[in-house]
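Each ligand, and each atom within it, is numbered from 1 in the order the structure gives. Note: hydrogens, waters and symmetry copies are ignored here, and every other heavy atom, side chains too, is used.
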Amino acid sequence: MASPTTSSCLLFLLALLLPHAAVGVPRRHRFPPLQLAPVNASEPPTTFFEVDRPIRPPGGSAGPCSTLLLSDSFGYTYGQPPSAAAYAPPNCLAAARAGGGSVALAVLEWSADCRGLQFDRIFGVWLSGAELLRGCTAEPRPNGIHWSVSHDVTRYAALLSAPGEVAVYLGNIVDQTYTGVYHVNLTLHLYFASTPPPPQHADLILPVSRSLPLHDGQWFCIQSSADVQSKKLAVPSNTYRAVLEVFVSFHGSDEFWYTNPPNEYIEANNLSDFPGNGAFREIIVKVDEDVVGAVWPFTVIYTGGVNPLLWRPITGVGSFSLPTYDIDITPFLGKLLDGKKHAFSFGVTNALDVWYVDANLHLWLDHNSKKTTGGLVSYNAATSGPSVESEFSELDGQFVTTASRHVSATGWVESSHGKVMTTFYQRFSYKNSNVYSKNGVVQVVNQTIDATSGVSSTNGTTLLLSEEVHQVFPLYLFSGTSDEVGDEYSMVSVVKLGINEKRANSSLQNVQSARGSMRVKKNLVISGSGQNHQVYKYIGADGCYFRDVSSKDYTINFDHTDDSCLKRSRDVSSRFPSRLFGGSVDITAHVDI
Ligand SMILES: *[C@@H]1O[C@H](CO)[C@@H](O)[C@H](O)[C@H]1NC(C)=O
Ligand SMILES: *[C@@H]1O[C@H](CO)[C@@H](O)[C@H](O)[C@H]1NC(C)=O
Ligand SMILES: *[C@@H]1O[C@H](CO)[C@@H](O)[C@H](O)[C@H]1NC(C)=O
Ligand SMILES: *[C@@H]1O[C@H](CO)[C@@H](O)[C@H](O)[C@H]1NC(C)=O
Ligand SMILES: *[C@@H]1O[C@H](CO)[C@@H](O)[C@H](O)[C@H]1NC(C)=O
Ligand SMILES: *[C@@H]1O[C@H](CO)[C@@H](O)[C@H](O)[C@H]1NC(C)=O
């Protein structure tokens, strides 16, 4: 295993602070935290939030039984061991299980506050090495901020039932300028059913992450396209189903990978320290030599990204709780049931420093046999691209990148459940257009990732499982610099991004439109404004949730919520919300540079 030394894994944070030397060149999409107009420090703290549907306990369940797992302050924690606490299953959980009951719902609540000035930091929460939550912190204000995230962790019921260790890594640096210390409470809320555990949750969860002790998060750090990180694991020989849940976040030179131009453009214009490698990234997941699946990640924008004022107090989609990606590897079990260790590995196509990747291997065990058997029947992981149509002259140019991939594997597993044939498939397509104009000071990126993945299994007479999820991740980013005088310039930013997701019994449209302007001096934001409009619409067999919310400079303009399924015909555009832009979806017409 090519494990990096802990120090090389750490992101060189200060690089982000350096102003770009040249004048009239493309700008990066990150600025230090804002030291804007005086804020009355006696005002109550500002509450930040990510729009999401509430987690509803199943009907008839008892609870919650709440347990504080960890409470800590993250000051100078960068390059330090994670904060850790022993985990013991709460007494209420043992009592419920002894009475023949089970966990109906488990919710992990992250609650944090901070005061002063600080960067947005990435953090991870692990239980016994398995990652449960990855998020980005909100950037504080002098009067203080608070935010909380509730994350459904029911699928980790097996881990929650065993003693272990909770670890939280949040690498923060405190100095005279960046004074913000993050105070965090991590609480587990359990709800119980009086019936035995349902079969949809794994019996065993093996972490595919780095083990403690560490001076970093337990994630692997992938620093280049050649960097492959792996862990060897043996699966129990009575496994009959296996799903790999992958966590991904991107930082440093790849924080805005979807805006990176090709290297030819960088070389031709002598932008030597500008991040390149083009705009396509793909996480490749292998078991031994086989590509078992891929992740084409959602473009999470952290709270300090593009224009930090866009994300206050409504944070970017997925930023407080990053999406994860499931890859069903049941078709490959035949190769893994030999009791030996096998390598689970991750690489990122075109990666620049740094990607944090790890995974949890969810395993279902046959309680009626010591040994299951299996075999791979067919397998295909065809990929096409990325191909780039590139055209530029000095700093102006256009780059269109396209790519697609199709993964499909079918295999059987014989257990006390019979001989079950499982097919897992993924279909991806990607298109990115990146246009630089006005001598490189205006950049417009328009990207769409379209990802379908599904699994079905049959025992020959009955379809035992059939699930498909189709996700579309649209992204539009306009960034324009103007009025450059000495070491000062203005920047207008427009961002639209979202997750549109369809499953057999549910559909989600979750889109944001944000725009803002900033005056920047020596790479510090000296004035600015930002607004955000989000429409979230979920319709599912388990209920509905609708929210239409808009903010400008920390103030909520309007906030409409509806959780009845009756008004589902309410007029919600399946496209981007457009209220901010006078009803027009073509916002470019409204941006004067
Ligand atoms: C600051 O806020 C507090 C609490 O809202 C208020 O009592 C006080 O008058 C404010 N001070 C100024 C200078 O606005
Ligand atoms: C953490 O819990 C303590 C004790 O209940 C409370 O005083 C504190 O405000 C909490 N902090 C956060 C960030 O929720
Ligand atoms: C880039 O640098 C090389 C070598 O210093 C120089 O010859 C060339 O003119 C420069 N190109 C631009 C576009 O500045
Ligand atoms: C972005 O690309 C999509 C798909 O190619 C296209 O439908 C849409 O009009 C583009 N949006 C803008 C603002 O260019
Ligand atoms: C397939 O599974 C169904 C439902 O569990 C069962 O009724 C049927 O007998 C099974 N068929 C075979 C061939 O095992
Ligand atoms: C969808 O709902 C139907 C009817 O409630 C149910 O039979 C089916 O199992 C559900 N499918 C999934 C994938 O949850």
How about Trp110 and Phe320: are their ring centroids closer than 6.0 Å? no
Need the ligand 2 atom indices (1-based, order shown) with element for anything under 4.0 Å from a heavy-atom of Asn185. 1 (C), 2 (O), 3 (C), 8 (C), 10 (C), 11 (N), 12 (C), 14 (O)
Parallel, tilted or perpendicular for Tyr302 and Phe250, by the 30°/60° rule? tilted
I'd like to check which ligand 2 atoms, numbered from 1 as shown, lie under 4.0 Å from a non-hydrogen atom of Ser111. 12 (C), 13 (C), 14 (O)
Given the side-chain rings of Phe48 and Trp147, with only the six-membered ring counted for Trp, is the space between their centroids under 6.0 Å? no
Under the salt bridge (Lys or Arg N to Asp or Glu O under 4.0 Å) test, which residues partner Arg53, sequence neighbours left out? none
Ligand 2 and Ser71, any nitrogen or oxygen pair closer than 3.5 angstrom? no
Sub-3.5 Å N/O-N/O distance, Asn40 and ligand 1: yes
Output field: ring centroids His201/Tyr156 closer than 6.0 Å: no
Close-range residues for ligand 5, whose non-hydrogen atoms fall below the 4.0 Å threshold: Asn459, Thr461, Thr462, Leu464
Is it true that the side chains of Thr410 and Thr423 contain a donor and an acceptor less than 3.5 Å apart? yes
For the rings on His560 and Phe546, is their centre-to-centre separation under 6.0 Å? no
Ala112 heavy atom under 4.0 Å from ligand 2: yes
What class does the angle between the rings of Phe332 and Tyr379 fall in, given that below 30° is parallel, 30 to 60° is tilted and above 60° is perpendicular? perpendicular
Per-atom filter on ligand 2: closer than 4.0 angstrom to a heavy atom of His183 are 13 (C)
Hey, is NZ on Lys371 packed in by over 12 heavy atoms from elsewhere, all under 6.0 Å? yes
